[in-house]
Amino acid sequence: MINVTDAARTILARNDRGGYTVPTDGLYPFQWNWDSAFVSMGFATFDIDRAYQELERFIQGQWNNGMFPHIIFHVPSDSYFPGPDVWQTDQCHSKKPLTSGITQPPVFGMALRFLYETVLATGRHDMLARTHTLFNAALRSHRWWLEARDPDKRGLVAILHPWESGSDNSPAWDEALVRVPTTTKTEICRQDTKHVNATMRPRNIDYQRFIHLVEVYRECQWDPIKQWSHAPFKIADVQMTAILARATADLIWMASQLNLSDALGELFTMHQLLINGLNSRWNQHIRGFVSLDLISGKDIEKPTQTCFIPLIALELDSYQRKFIQEEIERWCQGMVIGIPTTAPFSPDFESKRYWRGPVWAVINWLIADGLRKNQLKELATIIEGNTISVIERAGFCEYFDPITGEGLGGNTFSWTAAAYLVLRRRLTDD
Ligand code: DGY
């Protein structure tokens, strides 16, 4: 019988396209931003050179203004929509490879620290130049985040497109998305529903709005200042801000390891701003942290996984810790596998539809990390153990039905394989 760790490594090898990894064959045929960061950590558990290469291929797509795009189109493929012909970003960042025009959660800095810790633990001394290059790219991208997506210095970075959040059709975006027109000039030729059952994917009306937003920003020639003033969708997102804050703390660690004192001051200032912003988003009714709709001015009080992600960056006080622990336990009650990405008691909950309920291994990885950071190790271990078990039973699926434990969406998924490798190692080290 094949051992599951070997099977996870085989998935990564199978999805390797020459130094970068596709999330899965067919459905996602290019290099995706946060997928790749998670995948590099999976590789780091057994092949540190290949782990570095994943991030090195990724930064080839970095824009001159510092942005890390959400997709790098290294080679053409017609199995995905929207491709480079829809994004039309080539005149704006004037670099090869072609890319999309929006971004995704900045897990990169967290991954870089994970990789460098592995280098230090194995006593390698030949990785310094490679590490410096990746650090500089990460620092430029963090500067972009604060300049382009928090121009008012709230300490909260905004998403201008639901795809940027990585949680595309989360109920958290419903109210704001209703304001986005459904008209498009582009013909919508969805490819995703050829690979995956349509009931597990966003709806057609969501896609009309997703593409409408792409067209608005394309007409702004992907200029961040114009985009900020024309955006019909603008949300100061606590999930994104938390990942950026945590990644900033990880870059602070990197800068001290690498003796980069010039970068340290700047990173400390960035970090403090983001921590203050996040702390201001605690919501007692939701028992978690809530995002802010910058167009309506309203708090987004939807119970989704975003409410718990700030744990990865913050030191909670004892009340917050207690409430969050109770809340996560409540969400998991009666579930075969937690944590659902939308609370099961919410009217928006759908156990099989993408970000409206299913469990994602990488989200469990992040939340468990945050629980460990906040002295809730017992709960973290339960979540990690359940994630490992569901993968062992259902395979390396894109996501899982929390009620039945069934594997859903695409299969042979790279980031699920990476999550398996990292979580398994973590539990073994405990
Ligand atoms: C998709 O196409 O499903 C992605 O989530 C956008 O990156």
Side-chain angles (χ1 to χ4, degrees), residues 23 27-30 32-35 67-73 77-89 92 98-105 149 158-222 224 226-228 230-235 237 239-240 291 293-296 300 302 304 306 341-342 348 350 353-356 358 360 398-399 409-410:
L27 179 62
Y28 294 120
F30 310 109
W32 257 260
N33 178 330
W34 73 327
D35 291 71
M67 184 181 81
F68 280 154
H70 102 295
I71 307 175
I72 319 287
F73 300 110
S77 166
D78 53 13
S79 74
Y80 179 80
F81 172 86
D85 54 321
V86 178
W87 294 97
Q88 296 173 19
T89 62
C92 313
L98 295 173
T99 72
S100 68
I102 57 173
T103 188
Q104 255 189 341
R149 296 309 178 83
I159 53 168
L160 304 186
H161 195 300
W163 280 341
E164 295 195 312
S165 69
S167 318
D168 309 0
N169 64 337
S170 168
W173 321 135
D174 284 358
E175 230 179 279
L177 259 188
V178 168
R179 293 192 297 262
V180 175
T182 54
T183 49
T184 62
K185 294 178 189 143
T186 312
E187 190 194 346
I188 299 183
C189 311
R190 288 184 69 170
Q191 300 296 315
D192 57 321
T193 44
K194 294 184 183 156
H195 302 282
V196 172
N197 186 323
T199 59
M200 298 179 198
R201 295 285 305 172
R203 301 160 309 164
N204 283 338
I205 193 162
D206 300 323
Y207 261 77
Q208 288 169 279
R209 294 188 161 112
F210 293 161
I211 297 303
H212 182 93
L213 288 170
V214 170
E215 290 176 350
V216 170
Y217 304 136
R218 192 175 69 196
E219 276 158 30
C220 295
Q221 282 108 33
W222 303 106
K226 284 195 202 144
Q227 285 176 260
W228 187 261
H230 287 80
F233 178 94
K234 198 190 295 184
I235 289 172
D237 174 15
Q239 173 163 302
M240 193 68 97
S291 299
D293 185 328
L294 293 177
I295 294 182
S296 69
I300 300 180
K302 293 271 186 164
T304 67
T306 47
T341 45
T342 299
D348 299 313
E350 293 180 69
R353 198 186 287 278
Y354 214 39
W355 289 92
R356 303 184 76 86
W360 295 70
E398 188 177 6
Y399 45 93

Completion exercise
Sorted by chain and number, sequence neighbours left out, ring pair (Phe, Tyr, Trp, His ring centres under 6.0 Å) with Trp228 holds for none

Practice task
State which residues pass side chain to side chain donor-acceptor pair (under 3.5 Å) with Thr184; sequence neighbours excluded, sorted by chain then number.
Solution key: none

Exercise for the section: May I ask you to decide if the ring planes of His70 and Trp32 are parallel, tilted or perpendicular, using 30° and 60° as cut-offs? Expected result: perpendicular

Fill in the blank from the handout: Residues at least two apart in sequence or cross-chain that pass ring pair (Phe, Tyr, Trp, His ring centres under 6.0 Å) with Trp355, listed by chain then number, are Trp360

Problem - Heavy-atom side-chain proximity of Arg179 to Asp293 below 4.5 angstrom - result: yes

Practice task
Start with the C-alpha gap between Tyr399 and Met200, add the side-chain angles, then the distance that decides, and say whether side-chain contact (heavy atoms from CB on, under 4.5 Å) holds.
Solution key: CA-CA 10 Å; Tyr399 45 93; Met200 298 179 198; 3.4 Å; yes

Problem - side chain to side chain donor-acceptor pair (under 3.5 Å) involving Asn197 - partner list, sequence neighbours excluded - result: Thr199

Problem - Set of salt bridge (Lys or Arg N to Asp or Glu O under 4.0 Å) partners for Asp206, sequence neighbours left out - result: Arg203

Practice task
May I ask you to decide if the ring planes of Trp222 and Tyr217 are parallel, tilted or perpendicular, using 30° and 60° as cut-offs?
Solution key: tilted

Completion exercise
Residues Ile295 and Ala231: closest non-hydrogen pair is CD1-O, 3.3 Å

Exercise for the section: Give the minimum heavy-atom separation between Pro162 and Asp168, together with the two atoms involved. Expected result: CB-O, 3.2 Å

Exercise for the section: Determine the minimum heavy-atom distance between Trp34 and Gly166, stating which atoms define it. Expected result: CZ2-CA, 3.6 Å

Practice task
Using a 4.5 Å cut-off on heavy atoms from C-beta on, say whether the side chain of Leu160 contacts that of Ile102.
Solution key: no

Problem - side chain to side chain donor-acceptor pair (under 3.5 Å) involving Arg209 - partner list, sequence neighbours excluded - result: none

Practice task
Please confirm whether the backbone N or O of Ile71 pairs with a side-chain atom of Ser100, one donor and one acceptor, at under 3.5 Å?
Solution key: yes

Problem - For Lys194, side-chain contact (heavy atoms from CB on, under 4.5 Å) partners two or more places apart - result: Gln191

Completion exercise
In terms of heavy-atom contacts, Pro232 and Val216 come closest through CD-CG1, 4.2 Å

Problem - Which residues share a salt bridge (Lys or Arg N to Asp or Glu O under 4.0 Å) with Glu398, sequence neighbours left out - result: none

Practice task
List for me each residue that meets salt bridge (Lys or Arg N to Asp or Glu O under 4.0 Å) alongside Glu215, sequence neighbours excluded, and say none if there are none.
Solution key: none

Handout entry: Any Pro69 side-chain heavy atom under 4.5 Å of Asn33 side chain
Key = no

Practice task
State which residues pass side-chain contact (heavy atoms from CB on, under 4.5 Å) with Asp348; sequence neighbours excluded, sorted by chain then number.
Solution key: Pro171, Asp174, Lys302, Thr342, Ser346, Arg356

Handout entry: Check: His161 ring centre within less than 6.0 Å of Phe210 ring centre
Key = yes

Handout entry: Any Trp173 side-chain heavy atom under 4.5 Å of Ile159 side chain
Key = yes

Problem - Heavy-atom side-chain contact between His212 and Thr183 under 4.5 Å - result: yes

Exercise for the section: Check whether any side-chain heavy atom of Asp192 lies under 4.5 Å from a side-chain heavy atom of Leu27, and answer yes or no. Expected result: yes

Problem - Non-hydrogen atoms of Phe73 and Gly83 that approach each other most closely - result: CZ-C, 4.1 Å

Practice task
For residues Ser291 and Met240, determine if any side-chain heavy atom of one lies less than 4.5 Å from a side-chain heavy atom of the other.
Solution key: no

Practice task
Verify, without hydrogens or angle tests, whether His195 (side chain) and Ser79 (backbone) share a donor-acceptor contact under 3.5 angstrom.
Solution key: yes

Exercise for the section: Using modelled atom types only, decide if a donor and an acceptor are shared between the side chain of Thr193 and the backbone of Ala198 within a distance under 3.5 Å. Expected result: no

Handout entry: Residues in side-chain contact (heavy atoms from CB on, under 4.5 Å) contact with Val86, at least two apart in sequence or another chain
Key = Phe81, Pro82, Thr186, Val214, Arg218

Handout entry: side-chain contact (heavy atoms from CB on, under 4.5 Å) evaluation trace for Ile300 with Glu175
Key = CA-CA 9 Å; Ile300 300 180; Glu175 230 179 279; over 6 Å; no

Problem - Sequence-distant partners of Asp78, side-chain contact (heavy atoms from CB on, under 4.5 Å), two or more places apart - result: none

Problem - Closest heavy-atom pair and its distance - Gly101, Trp87 - result: N-CE3, 3.2 Å

Exercise for the section: Could you tell me whether the side chain of Thr103 and the main chain of Phe68 form a donor-acceptor pair under 3.5 Å? Expected result: yes

